[in-house]
Amino acid sequence: MPAAPGGGPLAGIRVVELASEHAAFAGKLLAGLGADVVVVEPPGGHASRAFGPFADDRPGPERSLWWWHYNAGKRGVVLDLEAEGELLRRLVAGADVVLEGEPPGRLAALGLDHDVLRAGEEGLIWVSVTPFGRDGPRSGEVATDLTVLAGGGPVWSCGYDDHSLPPVRGGGNQGYHTASLWAVMATLTAVVNRDLGGSGQHLDVSMHAAANVTTEAATYEWLVAGRTVQRQTGRHAAVTPSMNVNVVAADGRGITSGVPPRTAEQFRRVLGWLDELGLRDQVDDEVFLEMGTQIEGVLPLWEVGVDPELTAIFAAGRQALTVIATHLPAEEFFVQAQRLGLACGAILAPEEVIGNEHFVARGFPVPLPQSEVGRDVVHPGAPFRMSATPWRLSRPAPRLGEHDAEVLGPLWAPARRPG
């Protein structure tokens with residue numbers, strides 16, 4: 001299997017991915033890092049090809065935006081695990097990594113589990129992503145993205161200050177994404193370990209556990225201090241409620257005042273901004289802004305709510321940003337805050353994000369040719385960008401069986417050869 005074009009830190013690494021809903025993002029990330037990822041679908045295609053929405057609102061297995069998004073960068077083949085186990089063995093024999101999210105026990109029943117296919121393949125890394133891990137009392141339970149987020153804990157921290165309202169589930173398959181990110185981190189670690197002289201291994205990723213340890217401080221506050229965090233509108237859940245960050249700008253659009261000034265220089269910049277706009281007298285506690293210009297080092301956030309003076313200085317910085325935001329259009333506030341080194345932001349709709357000049361400058365929108373619609377379709381790019389680690393999408397998602405001859409051709413038994 002030739003490596004995907006474009007290089008990257010995983011160039012030359014071959015990944016066989018058994019198509020699944022919850023590990024698809026892991027395969028996409030590995031492909032973006034340069035691995036040659038071959039996604040294996042059952043006859044008729046994976047169920048996610050029927051997930052909407054669809055291109056031009058015309059349903060079809062080759063028009064699912066879900067499939068396009070999660071499988072961009074991969075090649076694709078069709079293989080019946082129940083009838084063509086030997087073909088899978090041959091495919092896996094040439095791979096560095098196997099990524100799968102099969103229900104625990106299914107591969108073992110087919111004689112295709114990691115302990116069988118890794119025999120004699122000392123360098124093979126096998127990554128399983130399941131709701132509760134491959135072993136344990138809950139291993140047989142099923143899950144959805146919603147139940148992963150709810151049971152694992154993130155939903156507890158999501159929602160509004162008004163706790164009479166129910167929690168809010170994070171959108172965009174965050175439960176699946178969290179598990180996939182842990183799977184990728186584990187895979188990268190295993191590849192490094194192997195390259196340094198170690199052997200391959202089986203990595204057992206629990207979606208529930210991944211969500212539980214990715215709750216900011218919620219899980220750790222409870223385990224260490226026995227304290228429960230409270231969800232808050234548009235800001236981090238915390239044991240002690242923090243100040244509101246959500247502001248309606250002068251043009252009626254939403255902004256977040258983010259993290260207020262915390263250094264003497266930042267306080268001086270905010271005071272200068274207030275003076276430039278003639279708004280200094282609208283800050284109730286201007287004296288605390290002046291005190292902020294005398295701070296040594298960085299204002300410690302852990303002292304906010306504990307030390308009265310530091311709390312007042314922090315609150316004055318927050319109020320100053322709120323005053324400025326209500327007098328400027330959202331975009332102007334955002335740009336100027338960024339120029340001053342302040343972590344504030346305008347709230348954008350998804351279609352605004354993909355076309356935003358800041359995201360465009362970072363290469364986030366990625367146009368890929370989609371033959372089904374006869375035009376390029378813009379995809380979201382790397383979810384994170386590291387200066388020394390290239391990440392790119394090299395091809396659109398595969399059509400059903402698109403790479404059968406290319407990938408499986410050399411492995412086919414005579415009965416499976418075309419023609």
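Quick caveat, the model's predicted, so the values are computed rather than measured.
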For this session: Would you mind listing every ring pair (Phe, Tyr, Trp, His ring centres under 6.0 Å) that reaches into residues 134-172, with sequence neighbours excluded?
Result: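 Non-adjacent pairs meeting ring pair (Phe, Tyr, Trp, His ring centres under 6.0 Å): zero.
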Is [Y] close to [X] at the side-chain level, that is, under 4.5 Å between some pair of heavy atoms?
| X | Y | result |
| --- | --- | --- |
| Thr214 | Thr219 | no |
| Val129 | Ser180 | no |
| Glu303 | Phe314 | no |
| Thr256 | Cys344 | no |
| Val77 | Val38 | yes |
| Leu81 | Leu107 | yes |
| Leu146 | Val148 | no |
| Arg318 | Val245 | yes |

Exercise. Can you list the steps and then say if Arg194 with Glu122 is a salt bridge (charged side-chain N to carboxylate O under 4.0 Å, His left out)?
Worked result: CA-CA 9 Å; Arg194 189 192 65 176; Glu122 297 301 322; over 6 Å; no
For this session: Carefully, step by step, assess Leu110 and Glu82 under the rule side chain to side chain contact (heavy atoms under 4.5 Å, CB included).
Result: CA-CA 7 Å; Leu110 296 173; Glu82 296 185 2; 3.9 Å; yes
Would a distance-only check, ignoring hydrogens and angles, find a side-chain to backbone donor-acceptor pair under 3.5 Å from [X] to [Y]?
| X | Y | value |
| --- | --- | --- |
| His46 | Pro42 | no |
| Asp376 | Pro367 | no |
| Asp285 | Ala316 | no |
| Glu84 | Asp80 | yes |
| Ser371 | Gly374 | no |
| Asp307 | Leu310 | yes |
| Glu221 | Ala218 | no |
| Arg14 | Asp96 | no |
| Ser48 | Phe51 | no |
| Gln201 | Ile125 | no |

Can you find a side-chain donor-acceptor pair between [X] and [Y] that sits under 3.5 Å?
| X | Y | value |
| --- | --- | --- |
| Ser128 | Glu100 | yes |
| Ser139 | Arg134 | no |
| Arg235 | Ser242 | yes |
| His208 | Ser206 | no |

Crowded around [X] [atom1]? As in, over 12 foreign heavy atoms under 6.0 Å?
| X | atom1 | answer |
| --- | --- | --- |
| Trp66 | CH2 | yes |
| His358 | NE2 | yes |
| Glu351 | CD | yes |
| Arg106 | CZ | yes |
| Asp57 | CG | no |

For this session: For Trp273, enumerate each residue passing the side chain to side chain donor-acceptor pair (under 3.5 Å) test, keeping only those at least two apart in sequence or located in another chain.
Result: none
Problem set entry | Within 45° cone and under 6.0 Å: Arg118 NZ/CZ vs Trp126 ring | no
Please report the interatomic distance [atom1]([X]) to [atom2]([Y]), rounded to the nearest 0.5 Å.
| X | Y | atom1 | atom2 | result |
| --- | --- | --- | --- | --- |
| Ile313 | Leu289 | CD1 | CG | 9.5 Å |
| Ser394 | Leu368 | OG | CG | 8.5 Å |
| Thr389 | Trp391 | OG1 | CH2 | 13.0 Å |
| Leu149 | Thr178 | CG | OG1 | 6.5 Å |
| Arg75 | Asp404 | CZ | CG | 11.5 Å |
| Leu299 | Leu301 | CG | CG | 7.0 Å |

Nearest heavy-atom pair of [X] and [Y]: which atoms, and what distance?
| X | Y | answer |
| --- | --- | --- |
| Phe359 | Pro365 | O-CD, 3.6 Å |
| Gly317 | Phe267 | CA-CE2, 4.2 Å |
| Thr326 | Val247 | CG2-CG1, 3.6 Å |
| Ala250 | Pro329 | CB-N, 4.1 Å |
| Ala72 | His379 | CB-ND1, 4.2 Å |
| Glu102 | Ala19 | OE2-O, 4.1 Å |

Between [Y] and [X], does any NZ, NE, NH1 or NH2 come within less than 4.0 Å of an OD or OE carboxylate oxygen?
| X | Y | value |
| --- | --- | --- |
| Asp36 | Lys74 | no |
| Arg231 | Asp161 | no |
| Glu352 | Arg253 | yes |

Problem set entry | From CA spacing to verdict: side chain to side chain contact (heavy atoms under 4.5 Å, CB included), Asp162, Leu165 | CA-CA 6 Å; Asp162 182 356; Leu165 298 172; 3.9 Å; yes
For this session: Any chance you could lay out the side chain to side chain contact (heavy atoms under 4.5 Å, CB included) test for Leu400 and Arg49, step after step, and finish with the verdict?
Result: CA-CA 9 Å; Leu400 184 61; Arg49 286 184 176 273; 4.0 Å; yes
For this session: Check the pair Leu99, Val16 against side chain to side chain contact (heavy atoms under 4.5 Å, CB included), reporting the backbone distance first and the verdict last.
Result: CA-CA 6 Å; Leu99 172 66; Val16 172; over 6 Å; no
Exercise. Pick from Trp182, Tyr70, Phe384: which one makes a ring-ring contact (aromatic ring centres under 6.0 Å, His included) with His177?
Worked result: Tyr70
